*Asks:* 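Mind looking over this structure? Questions follow.
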Amino acid sequence: MVRVSRVIREGIAAELGIVPGTELLSVNGRELSDFLDWEFLTADEAVLITARLPDGELVEYDVERPEGEPMGLELEPPTIRRCANRCEFCFIEGLPQGLRKPLYVRDDDYRLSFAYGNFATLSNLKERDFRRILEYRLSPLYVSVHATPWEARKKLLNNPRVPNIVEQLTRLADGGIQFHAQLVVVPGLNDGDVLEQSLTDLWNFGDAVLSVALVPVGVTQFSHLYTGQPMNEQNARRILARVEAWEERALAQRGDRWVYGSDELYMLARRELPDAQHYGEFQQIENGVGAVASLRERVRTGLSRLPRLDGRRIGVVTGASMAPLMPALLAQLREQTGAAFELIPMVNSLFGPTVTTAGLLVGADIRRALAGRDDLDMALIPAETINDAGVFLDDESFVALREELPMPVYPSYDFVDALALEGQLVAA
Ligand code: SF4
């Protein structure tokens, strides 16, 4: 059973009389267990839906809908499949105590992998899940492989019952499923022969493995499980050298790079980040692969949309890892707008100095950066620091914090978004 949370006015569901709280029981005689069943079983043009209305009445809807017209309803969010692993580097194990509860949920859910690109290890897949993935063709999936040699993967996932990932991927690939893979690289565990073997195994899947991202292990000051070596410049350089050898082979044999180092890996290695062309279709941008190149590209192509802001003083809050890359971008913005930009790099007060990502700064960091700065006319903060509900990771409300600060504060993904908006406000 899946329950309706919202009905779109004038949609098919509203016309049928479906209301929020209605339980959708089956489609064409097949029971519904989650949103995947609903999406796939209602894909046909003619469907018979059995439902229970909130007052308990059982109803059947015989629906014929024009091709492509949505049913016009939303479902309650699914119960998330929890992770059975205990990786030493798990970011959730590295969270401080006292944050809001949903942040501590360790999801490992192939359904969210398909629907939203969340990475899943597939270590909790049951036989029924395999059959669903194959029947519904849930492809591509985003898979946290980490290592293909079985013993190494058990150690990395800190779970002796982890299934053999090569066998799992083989079964799925034989059924036409494709994958984007990620390997979190832990020095001493999967950065040498294990990494080479893993890349070889993934390469041998041919077109089934669409891309592979290598992400350096990251720990916070609260990562109490982690016993591995730290990722340093030397390790990052060694890993990038291996990435480059594989890139060369992939470019020659299949026309794309196939394997990518994450932005963080380049920064740790103190290497220049590649340009946008390097990343093709930015297949793993959500995984921090090509995010800087994409930002640079958006600034470059967005400059012509920016207004003159001569004499304005604009503060730009960022994390330590982005700080060295910012002056070049801010110089372009200054030239185009005439504004003076001040870079304000902040240390993360919640996670500690090892967490340098701008998007993980918290409300308290923004306050420290901007409180009392009456000399600034406006400030830009990373938009990724605020969730859909408008709160930072430390539960500070963006709206409340903005009220406290002496200048207008704009969440911004690429500067161009906020500065163009400011220009419209000035013009109005
Ligand atoms: S697979 Fe590992 S890193 Fe991912 S949620 Fe589970 S324990 Fe954490």
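Worth knowing before you read on, the calculation uses all heavy atoms, side chains too, and leaves out hydrogens, waters and symmetry mates. First listed ligand is number 1; within each ligand, the first listed atom is number 1. If you're wondering where the values come from, they're calculated on a predicted model, not measured in any experiment.
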*Asks:* Specify the protein heavy atom at minimum distance from atom 2 (Fe) of ligand 1: its residue, its atom name, and the distance to 0.1 Å.
*Replies:* C87 SG, 2.3 Å

*Asks:* Determine the sole option in Q182, H180, Q283 for which the side-chain hydrogen bond (donor to acceptor under 3.5 Å, both in side chains) test with S211 is passed.
*Replies:* H180

*Asks:* Distance to 0.1 Å, residue and atom name: give those for the protein heavy atom nearest to atom 8 (Fe) of ligand 1.
*Replies:* C90 SG, 2.3 Å

*Asks:* At their closest point, which heavy atom of A269 faces which heavy atom of L240, and how far apart are they?
*Replies:* CB-CD1, 3.8 Å

*Asks:* So, 4.0 Å and heavy atoms of D108: is ligand 1 close enough to count as a contact?
*Replies:* no

*Asks:* For ligand 1, which atoms sit closer than 4.0 Å to a heavy atom of N85?
*Replies:* 1 (S), 7 (S)

*Asks:* Hey, which atoms in ligand 1 end up nearer than 4.0 Å to a heavy atom of R106?
*Replies:* 5 (S), 7 (S)

*Asks:* Under 4.0 Å from any heavy atom of T121, which atoms of ligand 1 are there?
*Replies:* 1 (S)

*Asks:* What's the shortest heavy-atom distance between L325 and L273, and which atoms?
*Replies:* CD1-CD1, 3.7 Å

*Asks:* Relative to the heavy atoms of C83, which atoms of ligand 1 are at a distance of less than 4.0 Å?
*Replies:* 1 (S), 5 (S), 6 (Fe), 7 (S)

*Asks:* Is a donor from one side chain sitting under 3.5 angstrom from an acceptor on the other, for N118 and Y142?
*Replies:* no

*Asks:* Between E244 and R237, is there a side-chain N and carboxylate O pair less than 4.0 Å apart?
*Replies:* no

*Asks:* Test the R298-Y413 pair against the cation-pi criterion, namely NZ or CZ under 6.0 angstrom from the six-membered ring centroid and within 45° of the ring axis.
*Replies:* no

